[in-house]
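Residues: numbered from 1 along the sequence shown.
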Amino acid sequence: MLTLTDEPLARWTTLRLGGPAARFLQAESRQELYDAVASADAQQEPALVIGGGSNLVVADAGFAGTVVRVGSRGVSVDSLTDEAVTVTVEAGEGWEPFVARAVAAGWLGVEALAGIPGTVGAVPVQNVGAYGQEVADTIESVHAFDRVTREPCTLAAADCGFGYRSSGFKREPGRYVVGAVTFRLPRGQSGGPVRYAELARRIDVAPGEPATAGDVMRTVLDLRRSKGMVLDDADHDTWSAGSFFTNPIVASSR
C-alpha cells in the first residue's frame with residue numbers, strides 16, 4: 001500500500017485543488033481498502049475515501065486525518081450467455097475505460113454514460129445517469145464495507161435505495177465504502193431506445209428508436225466535449241468536476 005505524509009491533494013482532484021493530507025494511503029486491493037478504513041475508524045481518526053477526485057473540493061488547509069485513495073483494479077466476468085454478461089468491477093477502475101471496454105465487447109446499458117469522470121466505486125453512490133441511462137438499470141449488487149457493523153457486505157440492487165441521482169449510500173454518507181460493483185449487461189450491438197432528444201438528433205434517429213452502442217458512445221463523447229465536460233490533462237478549461245446538475249422535479253398540474 002502506498003503511504004505518504006503531507007501529500008498535496010491537488011495532485012488527486014480533477015479541479016487541481018487541495019492542501020496536504022496528514023496521511024495519504026493508496027489501497028491497491030479491496031481488502032487493503034477495507035482494512036485501511038477499519039484501522040482509521042478503530043483509532044478514531046478522521047478518514048476521507050476518494051476515487052478519481054471529481055466532485056471534490058478540498059480547502060488549501062488540506063485534511064487533518066487519513067485520506068484513502070481507492071486504487072483497486074480488476075474486471076471479472078462472472079457469467080456469460082448469449083443474452084447477457086455479469087461482471088464484477090473493482091471500485092478503483094476508471095469509469096470511462098470500463099464504458100469503452102463494455103462497448104467494445106458488445107455489453108449494453110452504459111454506453112450513454114461515456115465521458116463521466118471518476119471511478120466505478122463512485123457510480124452507485126450518485127446513481128450516475130446521463131442521456132437517458134442510469135447505472136441503477138444495470139447494477140446487480142454492490143460490495144461494500146459497512147463502517148457501522150465493521151463488516152464487509154453485499155447489497156442487492158433492490159436494497160441500495162436507488163432514486164433519481166440518489167441512493168441509500170448517499171443518504172447515509174460515510175457509512176459504506178464501496179469495494180466493487182457487479183453489473184448485469186445485455187449483449188449485442190444495438191442498444192435500447194434513444195430517449196434523449198438532443199442525442200437522437202445528433203445520431204440522426206427518431207427519439208425512441210434504437211442506435212448502435214458505438215454510435216451512442218461516440219456521440220455522447222462529442223456532446224460532452226463540446227460543453228467542456230470531458231477531462232483533458234492538456235486543456236485547463238476541462239479541469240472541472242464534470243457535470244453535477246440535476247433536473248428539477250415539479251408537480252404536474254391538471
Is a side-chain N or O of [X] found less than 3.5 angstrom from the main chain of [Y], in a donor-acceptor match?
{"X": "R195", "Y": "G132", "value": "yes"}
{"X": "S39", "Y": "D35", "value": "no"}
{"X": "Q133", "Y": "A112", "value": "yes"}
{"X": "K227", "Y": "D222", "value": "no"}

Would you say the side chain of [Y] lies within less than 4.5 Å of the side chain of [X], judging by non-hydrogen atoms?
{"X": "L108", "Y": "L185", "answer": "no"}
{"X": "M1", "Y": "E32", "answer": "yes"}
{"X": "L223", "Y": "E198", "answer": "yes"}

Q) How are the rings of Y131 and Y196 set relative to one another: parallel (under 30°), tilted (30 to 60°) or perpendicular (over 60°)? A) perpendicular

Over 12 non-hydrogen atoms of neighbours within 6.0 angstrom of CG in D235 = yes

request  = Kindly check if the number of other-residue, nucleotide or ligand heavy atoms within 6.0 Å of CZ (R175) is above 12?
outcome  = yes

Q.
side-chain hydrogen bond (donor to acceptor under 3.5 Å, both in side chains), that's the test. Do S167 and N127 meet it? Break it down for me.
A. CA-CA 6 Å; S167 70; N127 185 17; over 6 Å; no

When you group the ILVMFWY residues by side-chain heavy-atom contacts below 4.5 Å and let the links chain together, are L113 and V75 in the same group? yes

| request: Please report the C-alpha distance between S166 and R171 in whole Å, then the side-chain angles of each, then the deciding distance to 0.1 Å, and finally whether the side-chain hydrogen bond (donor to acceptor under 3.5 Å, both in side chains) criterion is met. | output: CA-CA 8 Å; S166 186; R171 289 188 288 273; 2.9 Å; yes

Discussion item. Is the distance from the ring center of W12 to that of F24 below 6.0 Å?
Written reply: yes

Taken to the nearest 0.5 Å, the spacing of T88 OG1 from R30 CZ works out to 7.0 Å

